[in-house]
Protein chains: 2
Amino acid sequence: MNARSALPDTADTTAAAASDDLLALENQVCFALAVAARGVIGIYRPILEPLGLTHPQYLVMLALWQRSPRTVRDLGEALQLEPATLSPLLKRLEAQGYLTRERSARDERALDVALTPAGQALREQALTIPPQVVDRLGMSLDELGSLRDRLTEVIEAVQHD
Amino acid sequence: MNARSALPDTADTTAAAASDDLLALENQVCFALAVAARGVIGIYRPILEPLGLTHPQYLVMLALWQRSPRTVRDLGEALQLEPATLSPLLKRLEAQGYLTRERSARDERALDVALTPAGQALREQALTIPPQVVDRLGMSLDELGSLRDRLTEVIEAVQHD
DNA sequence: GGCAAATAATTAGTACACTAATGATTGTGA
DNA sequence: TCACAATCATTAGTGTACTAATTATTTGCC
């Protein structure tokens with residue numbers, strides 16, 4: 001190895017080595033993001049399963065616990081999801097009895113999504129979820145908070161332009 | 001507001017406010033992770049489209065450019081994906097002509113996935129992708145590298161236990 | 001007032017991503 | 001050696017998540 005370079009192996013600066021780095025899986029931010037997101041969501045799976053929720057459904061419930069009723073479009077903006085993604089997801093949550101879907105009185109195009117008493121009551125059980133996840137990850141609240149802030153910067157960078 | 005507290009509004013430490021924070025969408029690391037991952041992958045979509053690749057398919061190609069042939073299980077470990085996810089994905093890449101799938105001679109249970117000349121040649125075009133993404137994000141290489149390192153720590157925390 | 005443009009949600013189609021079950025091959029111990 | 005467990009990949013089923021097309025309603029403009 002390193003036959004084309006007079007530098008030591010640990011500093012191979014040939015064009016081939018540079019392009020290896022550029023396309024190395026372990027160097028890709030997108031790969032780290034995808035794997036970390038799937039991994040963390042996987043931690044929620046067994047925790048949410050007793051509540052009958054998937055992770056995207058849990059996020060919808062979080063949004064509704066903050067404000068209800070909300071329209072599909074409003075939820076989509078809060079969650080950064082397409083209406084086409086939310087539409088069937090909300091029907092499943094309605095079938096579970098956690099929310100109602102009905103056309104807005106003021107604008108018949110819009111759909112008002114509102115919590116049912118069961119959906120509202122679920123919040124009490126949800127309060128135990130974040131601590132369970134933090135405990136399972138074994139990371140400090142400082143580390144997690146800082147990570148969240150950096151990820152928020154990435155989200156803003158994506159939206160920029 | 002803040003009727004139960006003698007503290008100023010900006011430091012509402014009632015139980016209700018604390019539980020609001022705990023379940024607030026914007027405080028969840030999992031939400032930031034999910035949105036950031038979807039957003040960054042969305043940046044790749046128009047860039048990869050001319051190559052006929054989705055983002056997960058791109059990651060498979062990155063893995064194969066580092067080593068080929070590899071088995072499905074080996075790819076799954078590198079990409080942290082279930083074999084059941086890779087199976088149809090690899091068939092699509094085979095249909096595109098970027099790789100071949102054939103049973104291993106040493107172990108008929110295993111499938112050897114190998115790059116075709118077309119798959120190997122695609123690497124040249126892929127070299128321009130990372131710079132395009134970095135440019136579109138408008139973040140420094142330092143920021144991105146540090147983020148990747150922190151995400152790698154999260155991935156290790158998930159695998160821990 | 002009426003019609004074109006804009007807006008809201010849904011549907012269709014494609015592609016992940018997971019769990020559970022299946023089928024085929026290999027390895028192992030009595 | 002031969003039953004039996006372990007391993008590898010695939011299939012089936014469910015649930016996101018996207019784009020594009022469709023339907024229904026509202027708004028804007030003459």
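Order of the sequence lines sets the chain letters (A, B, ...), proteins ahead of strands, with each chain counted from 1.
Comment: Asp20(A) engages Arg123(B) in a salt bridge, judged by a side-chain N to carboxylate O separation of less than 4.0 angstrom.
A donor-acceptor pair shorter than 3.5 Å cannot be found between the side chains of Thr152(B) and Glu156(B). Using modelled atom types, one finds a donor on one side chain and an acceptor on the other under 3.5 Å when comparing Ser146(B) with Arg150(A). Side-chain N/O atoms of Glu108(B) and Ser104(B) include no donor and acceptor closer than 3.5 Å.
Remark: Arg73(A) is in phosphate contact with dA8(C), judged by side-chain N or O atoms under 4.0 Å from OP1 or OP2.
Nucleic acid contact for Thr71(A): sugar-phosphate only, since backbone atoms but no base atoms lie under 4.0 Å from a heavy atom of the residue.
Bracketed by its first and final contacts, the part of DNA chain D lying under 4.0 Å from non-hydrogen atoms of chain A reaches from dG15(D) to dT26(D) in 5' to 3' order.
In this structure, Leu53(A) places its CG atom 19 Å from P of dC18(C), rounding to the nearest Å. What separates CZ of Arg109(A) from P of dA8(C) is a distance of 6 Å, to the nearest Å. In this structure, the CD atom of Glu77(A) is 12 Å from the P atom of dT7(C), given to the nearest Å.
For the pair Arg103(B) (side chain) and Arg109(B) (backbone), a donor-acceptor distance under 3.5 Å is present. Looking only at distances, a side-chain donor or acceptor of Trp65(B) sits under 3.5 Å from a matching main-chain atom of Gly119(B).
Gln66(A) is linked by a side chain to side chain contact (heavy atoms under 4.5 Å, CB included) to Ala24(B), Leu25(B), Glu26(B), counting only residues two or more places apart in sequence or in another chain.
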What are the atom names and distances for every N/O pair under 3.5 Å that joins the protein to nucleotides 10-17 of chain C?
residue	atom	partner	partner atom	Å
dT10(C)	OP1	Arg101(A)	NH2	2.5
dT10(C)	OP2	Ser87(A)	OG	2.6
dT10(C)	O5'	Ser87(A)	OG	3.0
dT11(C)	OP2	Lys91(A)	NZ	2.6
dC16(C)	OP1	Thr54(B)	OG1	2.7
dC16(C)	OP2	Gln57(B)	NE2	2.8
dC16(C)	OP2	Arg92(B)	NE	2.7
dC16(C)	OP2	Arg92(B)	NH2	3.3
dC16(C)	O5'	Arg92(B)	NH2	3.2

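Of the inter-residue distances, the one linking Tyr58(B) atom OH with Gln28(A) atom CD reads 5.0 Å to the nearest 0.5 angstrom.
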